Amino acid sequence: MRIDVVTIFPDYLAPLDLSLVGKARDSGLLDLRVHDLRDWTTDRHRTVDDTPYGGGAGMVMKPDVWGAALDDITGSEVERPAHLVVPSPAGHLFDQRMAARLADDPWLVFACGRYEGIDARVMADARRRVRVSEVSIGDYVLGGGEAAALVIIEAVTRLLPGVVGNPDSLVEESHGTDGLLEYPVYTKPPSWRGLDVPEVLLSGHHARVARWRRDQALRLTAERRPDLVARLDPDALDGRDREV
Ligand SMILES: N#Cc1c(-c2ccc3cc[nH]c3c2)n[nH]c1N
């Protein structure tokens, strides 16, 4: 997979050199390139914003600068279709299912806005040539798209084949395929500051451990995310294996 990120704060994306995403880059599983939007400005002040039509506070990012940048980047490979991902508070809500869909794309280009956002004609023009998705990582306000790009890139990269050592670990986790929150986890010592690991986890009885974990996942999901419970398959709720 190739990922390009366009931003006026390239250093904001420095964490993508580390850990899981850094390893994916080093191993060649991920070709990630970060671009400074100001490289496409043409004035001596390297201006990327201007006042909003219709008035109002703040500034809007200029279409001509973004257009030049996206033309260069998305036009650089004809054999691979680019998918433009634009973090936006007005975007479709990002979730694990969207992460899985994006992980199937061969090429993602992130356009990270700042100020009051990117001139809407940039996305309208891009839609003439490439797939465009405006995506939000949640119902709160950030100062720009870079933090969202970090979140989305990490969630997508870890789903790429070969990135996570044990693919099984992708299954049993919060918001994984069973739609439940993850059960509590423990490691040595068996007792710590007077707090003991639940006995069942020390029993070696795999079926009981599995049942306990599912019960915990159901309990936590019901307590913390009743909205996810509403979406569950009723047959899956009791955790019994059934012949299909
Ligand atoms: N994704 C996302 C966002 C944003 C966001 C994204 C881009 C810009 C550009 C200027 N301000 C922004 C806020 N706020 N909250 C979210 N969940």
Side-chain angles (χ1 to χ4, degrees), residues 3-16 19-21 34 37 48-49 52-61 63 66 70 83-105 108-124 126-127 130-159 170 172-184 216-233 236-237:
I3 296 180
D4 290 79
V5 183
V6 186
T7 168
I8 59 171
F9 295 124
D11 293 346
Y12 205 110
L13 283 300
L16 296 178
S19 187
L20 173 139
V21 175
V34 179
L37 178 68
V48 294
D49 62 314
Y53 278 121
M59 303 292 273
V60 173
M61 301 192 91
W66 272 108
L70 296 178
H83 183 173
L84 180 64
V85 179
V86 185
S88 165
H92 297 282
L93 188 59
F94 181 69
D95 63 7
Q96 193 64 22
R97 280 183 288 193
M98 189 186 295
R101 290 197 298 271
L102 292 175
D104 286 338
D105 275 312
L108 302 177
V109 178
F110 285 82
C112 297
R114 279 276 152 175
Y115 309 104
E116 297 307 308
I118 301 170
D119 185 302
R121 291 170 293 180
V122 171
M123 283 69 80
R127 283 193 172 93
V130 299
R131 187 165 166 211
V132 179
S133 298
E134 296 187 45
V135 178
S136 167
I137 61 168
D139 296 335
Y140 38 80
V141 182
L142 301 171
E146 288 81 6
L150 287 172
V151 166
I152 297 167
I153 290 169
E154 170 144 341
V156 168
T157 300
R158 62 191 303 278
L159 297 179
L170 293 177
E172 280 198 346
E173 59 183 10
S174 290
H175 310 290
T177 50
D178 62 3
L180 296 172
L181 299 184
E182 192 166 338
Y183 47 78
Q216 291 298 310
L218 284 167
R219 175 183 63 80
L220 285 174
T221 307
E223 279 175 19
R224 298 176 183 173
R225 292 295 303 275
D227 60 301
L228 294 179
V229 175
R231 283 163 40 177
L232 286 177
D233 169 3
L237 280 175

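In this text, all values refer to a predicted model and were calculated from it rather than measured experimentally. All values below come from the heavy atoms of this structure, side chains included, with hydrogens, waters and symmetry mates left out.
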Test item: [X] and [Y] side chains (from C-beta on) under 4.5 Å apart, heavy atoms:
X    : Y    : value
L16  : T157 : no
V5   : C112 : yes
Y183 : L220 : no
E146 : R114 : yes
V85  : F94  : no
V60  : Y53  : no
M61  : L37  : yes
Y12  : V34  : no

[X] side, atom [atom1]; [Y] side, atom [atom2] - distance, nearest 0.5 Å:
X    : Y    : atom1 : atom2 : result
L93  : D139 : CG    : CG    : 6.5 Å
I3   : L13  : CD1   : CG    : 10.5 Å
W66  : M123 : CH2   : CE    : 9.0 Å
Q216 : L181 : CD    : CG    : 12.0 Å
E154 : L150 : CD    : CG    : 8.5 Å
T221 : E223 : OG1   : CD    : 9.5 Å

Which pair of heavy atoms, one from [X] and one from [Y], lies closest together, and at what distance?
X    : Y    : result
L142 : A147 : CD1-CB, 4.3 Å
G145 : P87  : O-CG, 3.6 Å
V156 : A103 : CG1-CA, 3.6 Å

message = Among L232, V229, L228, exactly one meets side-chain contact (heavy atoms from CB on, under 4.5 Å) together with L180. Which residue is that?
response =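 Among L232, V229, L228, the one meeting side-chain contact (heavy atoms from CB on, under 4.5 Å) with L180 is L232.
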- prompt: Can you name the one residue among I118, V86, L84 that meets side-chain contact (heavy atoms from CB on, under 4.5 Å) with E134?
  reply: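 Exactly one option meets the side-chain contact (heavy atoms from CB on, under 4.5 Å) with E134, and it is V86.
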task = Evaluate the side chain to side chain contact (heavy atoms under 4.5 Å, CB included) criterion for residues Q96 and L159: first the C-alpha distance (whole Å), next the side-chain angles of each, then the deciding distance (0.1 Å), finally the verdict.
result = CA-CA 10 Å; Q96 193 64 22; L159 297 179; 3.7 Å; yes
- Query: With no hydrogens and no angle check, is any side-chain donor or acceptor of S133 less than 3.5 Å from a backbone partner on V135?
  - Reply: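 Here the side-chain-to-backbone pair does not exist.
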Q. Is it the case that more than 12 heavy atoms not belonging to R224 sit under 6.0 Å from its CZ atom?
A.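 For R224, atom CZ is not crowded (no more than 12 foreign heavy atoms under 6.0 Å).
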Checklist entry - Mind checking what makes salt bridge (Lys or Arg N to Asp or Glu O under 4.0 Å) contact with R101, not counting sequence neighbours? => result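 R101 satisfies salt bridge (Lys or Arg N to Asp or Glu O under 4.0 Å) with no residue once adjacent residues are dropped.
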